[in-house]
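Structure record follows, encoded as structure tokens.
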Amino acid sequence: MNNLDNLEKIITIVSRVAAKRRGMSISVAKNLLLLGTEPTSANAILFNRQQTPQKLEEV
């Protein structure tokens, strides 16, 4: 269980650094890291578009 706690701490720290350097939210950077993708602004845009319901995009 200790290894999972350490892994969670590492992912949190890396997501904070990536978010600050790339100008995105920490939660998006963390989600991208958990998905195994690089937290770039292009990937963040694609991730946000996938999370947005289709009805809101049509408005």
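Residues Pro39 and Met24 share a closest heavy-atom pair of O-CE, 3.3 Å. Of all non-hydrogen atoms in Ala44 and Val28, the two that sit nearest each other are CB-CG1, 3.9 Å.
Side-chain contact between Leu35 and Phe47: present, with at least one pair of heavy atoms (C-beta onward) separated by less than 4.5 Å.
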Quiz: residues 7-18 side-chain donor-acceptor pairs under 3.5 angstrom, not counting sequence neighbours:
unit_1, atom_1, unit_2, atom_2, d
Glu8, OE2, Lys30, NZ, 2.6
Thr12, OG1, Glu8, O, 2.8
Ser15, OG, Ile11, O, 3.1
Ser15, OG, Thr12, O, 2.8

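Residue pairs satisfying the salt bridge (charged side-chain N to carboxylate O under 4.0 Å, His left out) criterion with at least one member in residues 35-48, sequence neighbours excluded, are listed as follows: Arg22-Glu38.
Qualifying side chain to side chain donor-acceptor pair (under 3.5 Å) partners for Asn31, counting only residues two or more places apart in sequence or in other chains: none. By the side chain to side chain contact (heavy atoms under 4.5 Å, CB included) test, Leu46 is found to be paired with Asn43, residues two or more places apart in sequence or in another chain being considered.
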